[in-house]
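Each remark here refers to the structure printed beneath this line.
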Amino acid sequence: MKRIRSVVRGVGSYLPRRKLTNQDLEKLVETSHDWIVQRTGIEERHIAEEDETTSVLGIKAAEAALADAGLRADDIDLVICATSTPDYTFPSTATMIQTGIGMTHGAAFDLQAVCTGFVYAVATADKFLQSGSHKRALVVGAETFSRILDWNDRTTCVLFGDGAGAIVLEAQEGEGTSCDRGVLTSHLRSDGRYRDKLYVDGGPGSTKTTGVLKMEGREVFKFAVGMVADVVQDAFKATGTSAEDLKWFVPHQANKRIITASADKLGIAPEKVVITVNKHGNTSAASIPLALDTARKDGRIKDGDLVMIEAIGGGFTWGSALIRW
Ligand code: ACO
C-alpha cells in the first residue's frame, strides 16, 4: 500500500574552529592521551568559542544541509532542533536557526532527549511529514556541551565535544515496502528511573542556574549496549530486515567501546560501522548527523543504502531509526 516516506534530501554539519586534543587536556586535568584513547577511542574534539553558540553552529549546519539538498529556506516548512544546550531558556534554538537561515514561515521548535535527541527529532519530523501537515523538515542536532562541563572533573570533561549536524527530510510517496527510500521505521524509548546515572545538576525551575553534567560512567556503560540492541532489533523486526541487509550502522558517538560492543552483539560487521568519536568526542544530539555527513561526504553512504541510526542518552532515553538513503 502506498504511503508517505520522509526521504533524506541533504545533509550538512559544522564544527567549531578550535580543536582540543588529549594532549591539551593533559595540561588541564590529571589524565593521559593513552587513558582516554584506551577507554573511549577519543583523540580530539572541537570546543566552541564564546561567539559560537549552539544556534550559530546549528545555522551553519542547516545552511550546509540546504545547499546539499539544492533547496532554499523557502522550501522548508518545519524546523526541529534537538539540543540540551540551548542558547537561552527561551526562545527555542530552533526559532533562532529559523531566523538565521532567513525563514519566516512554517513552524520551529526544540526537542530535548539529550544524546537521543537527533533520533527523537527524526522520528518526530517523520510523523509530521507522514501526516501530510508538512512537506519538508530541517532536522538539526546542535550542542555546546563544553558549556555544561565541570572542567575540573576528569571523569567527564575528557568525553565531550561541540558541534552541529542537520538533514533535510522531504515527504515523497513510497510503495510501503522496505525497498522505499526514506525513514522506514523508528522506535523511541525512555525510563526516567535512570535519572541519577546521567544528569545536569541545575536548571531554571530548580536551582535557577545552568548546572554541570554528572555521570556514573561505568553504570551508563552497563545499560547502554543492551538498550541499544533492543531498539535496533525492534527496527529490524518492524521492517523484516536484518544486520546482513544493513549497509551502514551510524550509532550515537559516545564511546568507541560501546559502539563496537553494540555492533558485535547485533552481528553487524565492523566495516559497516561509522565511527567519528575519535575526532569529535561525544557531541550528544549532534553526533549522529555529524557522522552521517562525514560518511556521505567521503563517499561511503550512497543513494539506496540502508542506514541504521541509534542512540542512548540521559533520562535514560534511547531509540533507533532505519533509513534508506
Ligand atoms: N584520566 C585518567 N584516569 C581517569 C580518568 C581520566 N580522564 N577518568 C577516570 N579515571 C580513573 C578513575 O578515577 C579510576 O581510577 P581508580 O581505579 O583509581 O578509582 C579509573 O580511571 C577507572 O575509572 P572507571 O570510571 O571505572 O573507568 P571506566 O573503564 O568505566 O571508563 C568511562 C570510564 C570512559 C567514562 C566509561 O565508563 C564509559 O565510557 N562509560 C559510558 C559513558 C558514556 O558513554 N556516556 C555517554 C552516553 S550518554 C550520552 O552520550 C550523554
Side-chain angles (χ1 to χ4, degrees), residues 20-45 54 82-85 111-120 141-163 165 188-192 194-201 211-229 231 250-263 275-278 280-291 309-320:
L20 188 74
T21 64
N22 291 344
Q23 286 76 14
D24 296 329
L25 279 164
E26 285 173 1
K27 293 174 202 139
L28 293 177
V29 287
E30 184 73 36
T31 191
S32 70
H33 172 72
D34 289 348
W35 190 95
I36 300 172
V37 170
Q38 207 176 63
R39 306 281 174 138
T40 71
I42 300 167
E43 292 156 25
E44 58 187 33
R45 71 288 288 145
T54 298
T83 187
S84 301
T85 45
L111 189 155
Q112 212 269 56
V114 202
C115 299
T116 321
F118 188 75
V119 179
Y120 267 66
E143 301 277 18
T144 48
F145 258 51
S146 62
R147 313 277 215 256
I148 53 163
L149 295 176
D150 174 354
W151 285 96
N152 296 313
D153 176 8
R154 69 174 182 171
T155 69
T156 53
C157 76
V158 303
L159 304 175
F160 295 89
D162 301 333
L188 305 181
R189 300 282 307 278
S190 66
D191 188 339
Y194 295 104
R195 175 202 179 267
D196 291 348
K197 311 251 176 262
L198 177 54
Y199 66 102
V200 169
D201 67 356
V212 292
L213 184 145
K214 303 277 182 191
M215 178 165 72
E216 291 176 33
R218 203 178 282 184
E219 284 288 296
V220 176
F221 203 116
K222 207 169 78 188
F223 290 104
V225 177
M227 286 172 157
V228 159
V231 283
V250 187
H252 167 50
Q253 306 285 316
N255 180 311
K256 198 172 171 194
R257 285 192 299 155
I258 296 179
I259 293 172
T260 49
S262 305
I275 295 181
T276 50
V277 69
N278 53 325
H280 301 162
N282 179 348
T283 57
S284 190
S287 90
I288 292 174
L290 271 161
I309 63 172
E310 57 82 357
I312 173 168
F316 289 150
T317 54
W318 65 108
S320 68

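Every number for a ligand or one of its atoms is a count from 1 in the order of the listing. Quick note: residue numbers are just sequence positions, from 1. Since the model is a prediction, treat every value here as computed from it, not as a measurement.
Of the protein's non-hydrogen atoms, the one nearest atom 1 (N) of ligand 1 is Thr31 OG1, 2.7 Å. In terms of protein heavy-atom proximity, atom 49 (C) of ligand 1 is nearest to Cys115 SG, 2.6 Å. Of all protein heavy atoms, the one lying nearest to atom 39 (O) of ligand 1 is Asn255 ND2, 2.4 Å. Of the protein's non-hydrogen atoms, Arg154 NH2, 3.6 Å is the one closest to atom 11 (C) of ligand 1. Ranking protein heavy atoms by distance to atom 8 (N) of ligand 1, first place goes to Trp35 CH2, 3.3 Å. Looking only at protein heavy atoms, the nearest one to atom 27 (O) of ligand 1 is Arg39 NH1, 3.3 Å. At the shortest separation from atom 24 (P) of ligand 1 among protein heavy atoms lies Arg218 NH2, 3.7 Å. For atom 41 (C) of ligand 1, the nearest non-hydrogen atom of the protein is Gly217 O, 3.3 Å.
With no hydrogens or angles considered, a side-chain donor-acceptor pair links Glu143 and Thr85 at under 3.5 Å. Side-chain atoms of Glu44 and Thr21 include no donor-acceptor pair closer than 3.5 Å.
At a 4.0 Å heavy-atom cut-off, ligand 1 does not touch Val29 at all. Under 4.0 angstrom from ligand 1, the non-hydrogen atoms of Leu198 all belong to its side chain. The parts of Thr155 lying near ligand 1 are both backbone and side chain, judged by heavy-atom distances below 4.0 Å.
Between atom 42 (C) of ligand 1 and the options Glu143, Met215, Glu26, the minimum heavy-atom separation is to Met215.
Under a 3.5 Å cut-off, the side chain of Trp318 and the backbone N or O of Asp191 do not form any donor-acceptor pair. Remark: the backbone N or O of Arg39 is paired with a side-chain donor or acceptor of Asn255 at under 3.5 angstrom. Here the side chain of Thr40 pairs no donor or acceptor atom with the backbone of Val37 at under 3.5 angstrom. Remark: side-chain polar atoms of Glu310 are not paired, donor with acceptor, to backbone N or O of Ser320 under 3.5 angstrom. Distance alone, capped at 3.5 Å, places no donor-acceptor pair between the Asp150 side chain and the Val212 backbone. Under a 3.5 Å cut-off, the side chain of Glu26 and the backbone N or O of His33 do form a donor-acceptor pair. Of the possible polar contacts, one joining the Ser32 side chain to the Trp35 backbone as a donor-acceptor pair under 3.5 Å is found. A donor-acceptor pair is defined here as one N or O able to donate and one able to accept, closer than 3.5 Å; such a pair exists between the side chain of Thr83 and the backbone of Ala142. Of the possible polar contacts, one joining the Ser262 side chain to the Ile258 backbone as a donor-acceptor pair under 3.5 Å is found.
In this structure, atom 34 (C) of ligand 1 has protein heavy atoms in its sub-4.0 angstrom surroundings. Protein heavy atoms are absent from the space less than 4.0 angstrom from atom 16 (P) of ligand 1. Counting protein heavy atoms under 4.0 angstrom from atom 6 (C) of ligand 1 gives one or more. Distance remark: protein heavy atom present below 4.0 angstrom from atom 29 (O) of ligand 1.
Close N/O approach between Thr40 and ligand 1 is not found [any backbone or side-chain N/O within under 3.5 Å]. At least one N/O-N/O distance between Asn282 and ligand 1 falls below 3.5 Å. Polar contact with ligand 1: absent for Val114 (N/O pair, distance under 3.5 Å).
Here the rule is side chain to side chain contact (heavy atoms under 4.5 Å, CB included) with Val158, and of Ile36, Leu20, Asn282, Leu149 only Ile36 fits it.
Atoms of ligand 1 found under 4.0 Å from any heavy atom of Ile312 (numbered from 1 in listed order, with element): 48 (S). Close contacts of ligand 1 with His252, meaning ligand atoms under 4.0 Å from a residue heavy atom, involve 49 (C), 50 (O). Of all atoms in ligand 1, numbered sequentially from 1 with element shown, those under 4.0 Å from a heavy atom of Ile258 are 41 (C), 44 (O). Atom numbering of ligand 1 starts at 1 in the shown order; those under 4.0 Å from a heavy atom of Val158 are 7 (N).
Of the inter-residue distances, the one linking Thr283 atom OG1 with Asp162 atom CG reads 8.5 Å to the nearest 0.5 angstrom.
Taking the side chain as every heavy atom from C-beta outward, Val114 and Ser284 approach each other to under 4.5 Å.
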